[in-house]
2 protein chains.
Amino acid sequence: MARSTADGGPEFLSGTLEMLILRTLEAEELHGYGIARAIEAASGARLSIEEGSLYPALHRLEKRGDVRPEWKVSPTNRRARYYSLTQQGKKHLKKTTTAWLDVSAAVNRVLGLVPANQPTLGRAEAT
Amino acid sequence: MARSTADGGPEFLSGTLEMLILRTLEAEELHGYGIARAIEAASGARLSIEEGSLYPALHRLEKRGDVRPEWKVSPTNRRARYYSLTQQGKKHLKKTTTAWLDVSAAVNRVLGLVPANQPTLGRAEAT
DNA sequence: CTTGCATACCTAGATTGTCTTGGTATGCTT
DNA sequence: AAGCATACCAAGACAATCTAGGTATGCAAG
């Protein structure tokens, strides 16, 4: 998906790209190139979106019916394929986000980093 | 890696498995089967570790020098391959954990779940 | 004693998402 | 006219996971 801008390799987060795309489109209708820039900006330049991952992901989402494409002219006066979220896409985003929070919280729990007040099977953590 | 116990598919977190293994071994020396059970327990039964992912991951870590294996007899009286963390493994765990926190925080920022431009782990952000 | 189950290990092959690399094209700016 | 940012796309390599098998043992139940 996204790689950290820090290290050189693909790290973590296979599958997050689609979620991030959907989330970005929830905020505003955008074309692929713009989505990539928007995600990078929103991440505080910590993620970089490769086009070789981006476009296949967009086509998957389109085929799945989560986004709807439309050719338009961008503010820079170029032909660009603008994507908008479908109802299904919105639902999918909500579901996926919940799953992400759930799983990433589970990972943090295993790492022993749980930000307190999370009741986890009576596993008390020593300070 | 781990799949959420909730949904049926491999979701998120490619690459997290190795980190979770290392973290588990930091707590105690363990064999593969036990590692899987330990991670599942620590996650509050939210993750499930597939053996087809687990053993290849252990062998990667071993080849990389992050863990050291040793045949022993388990409390259940069976031959079992116990793994312990090497110094390199400890270092790797620390590095990987930082990367995970960094990237997952970035994802949350894109999702809009975290106020933008918040310093993560002391990594200051210019404004 | 034999059936069944949990423990414990392993691999081959399919699948999937990402990355690498290359390509096309256009609109500005210099 | 050259160079750059914008904007799109695909083929093939690569890496981690999952599927689906397999082996073997200790123990408890019948």
Side-chain angles (χ1 to χ4, degrees), chain A residues 1-5 7-21 29-40 47-64 67 69-83 96 103 107, chain B residues 1-5 7-21 29-41 47-64 67 69-83 96 100 103 107:
Chain A
M1 63 140 312
R3 54 180 1 173
S4 167
T5 18
D7 51 39
E11 205 93 340
F12 305 122
L13 308 181
S14 237
T16 0
L17 178 56
E18 295 183 6
M19 175 176 63
L20 296 181
I21 291 173
E29 195 177 305
L30 257 182
H31 54 281
Y33 189 86
I35 292 170
R37 299 294 84 76
I39 292 178
E40 291 172 359
L47 305 178
S48 94
I49 306 302
E50 310 300 327
E51 300 199 343
S53 315
L54 174 72
Y55 290 109
L58 281 170
H59 297 154
R60 284 196 304 274
L61 290 170
E62 180 184 344
K63 190 172 286 183
R64 210 179 290 154
V67 301
E70 188 188 354
W71 285 107
K72 286 193 180 178
V73 175
S74 76
T76 55
N77 203 31
R78 273 176 199 77
R79 253 169 99 261
R81 201 153 176 77
Y82 276 76
Y83 292 91
T96 313
V103 173
V107 168
Chain B
M1 67 141 308
R3 54 180 4 176
S4 168
T5 18
D7 52 39
E11 206 92 340
F12 307 121
L13 308 180
S14 237
T16 359
L17 178 55
E18 295 184 6
M19 175 178 62
L20 296 182
I21 290 174
E29 196 178 306
L30 257 181
H31 54 281
Y33 190 85
I35 292 170
R37 298 296 82 78
I39 293 178
E40 290 171 359
L47 305 178
S48 94
I49 307 301
E50 310 300 329
E51 301 199 344
S53 316
L54 173 71
Y55 290 108
L58 281 170
H59 298 155
R60 283 197 304 274
L61 290 170
E62 180 185 342
K63 189 171 285 182
R64 212 180 287 154
V67 300
E70 188 189 353
W71 284 108
K72 286 192 181 179
V73 175
S74 76
T76 56
N77 203 31
R78 274 177 197 76
R79 253 169 98 260
R81 202 154 176 78
Y82 277 75
Y83 291 91
T96 314
W100 156 257
V103 174
V107 168

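The model shown is predicted, which means the values in this text are computed figures rather than measured ones. Chain letters run A, B, ... following the sequence lines, proteins first and then strands; every chain starts at 1.
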May I ask you to verify if any side-chain N or O of B:Arg81 is less than 4.0 angstrom from the OP1 or OP2 atom of C:dT7?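 No, outside the criterion.
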Using only side-chain N and O atoms of B:Ser53, determine if any of them is under 4.0 Å from OP1 or OP2 of D:dA16.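 No, because none of the side-chain N or O atoms of B:Ser53 sits under 4.0 Å from OP1 or OP2 of D:dA16.
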If I take atom [atom1] in residue [X] and atom [atom2] in nucleotide [N], what distance separates them, rounded to the nearest angstrom?
X	N	atom1	atom2	result
B:Ile49	D:dT19	CD1	P	13 Å
A:Glu70	D:dC8	CD	P	13 Å
B:Glu40	C:dA8	CD	P	13 Å
A:Leu54	D:dC8	CG	C1'	10 Å
A:Met19	C:dT18	CE	P	11 Å
B:His31	C:dA6	NE2	P	15 Å
B:Arg37	C:dA6	CZ	C1'	10 Å
A:Tyr33	D:dC9	OH	C1'	15 Å

State the NE2-OH distance between B:His31 and B:Tyr82, to the nearest 0.5 angstrom.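 Between B:His31 NE2 and B:Tyr82 OH, I get 5.0 Å after rounding to 0.5 Å.
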Proximity to the side chain of [X] - top-ranked nucleotide from [options]:
X	options	answer
A:Glu50	C:dT7, C:dT20, D:dA16	C:dT20
A:His59	C:dC19, D:dT17, D:dA10	D:dA10
A:Ala80	C:dT20, C:dA8, D:dC8	D:dC8

Any heavy-atom pair between the side chains of [Y] and [X] that's under 4.5 Å?
X	Y	value
B:Met19	A:Val107	yes
A:Leu54	A:Tyr33	no
B:Leu20	B:Ile35	no

Kindly give the heavy-atom pair with the smallest separation between B:Leu30 and B:Ala38, and that separation in Å.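 Closest heavy-atom pair between B:Leu30 and B:Ala38: CD1-CB, 4.0 Å.
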Do you know which two heavy atoms are closest between B:Gly32 and B:Leu58, and how far apart they sit? CA-CD1, 3.7 Å
When you match B:Pro56 and A:Tyr55 each to their closest nucleotide on DNA chain D, which lands nearer the 5' end? A:Tyr55
Of B:Glu51 and B:Ala57, the one whose closest DNA chain D nucleotide lies more 5':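 Between the two, 5'-proximity favours B:Ala57.
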Donor-acceptor under 3.5 Å (B:Glu40 side chain, B:Ile49 main chain): yes
Mind checking B:Gly32 for me? I need base, sugar-phosphate or nothing, with any heavy atom below 4.0 Å counting as a touch. sugar-phosphate
N/O-N/O pairs, protein side and nucleotides 24-30 of chain C side, under 3.5 Å:
| from | atom 1 | to | atom 2 | distance (Å) |
| --- | --- | --- | --- | --- |
| C:dT26 | O2 | A:Arg78 | NE | 3.0 |
| C:dG27 | N3 | A:Arg78 | NH2 | 3.1 |
| C:dC28 | OP1 | A:Asn77 | ND2 | 3.1 |

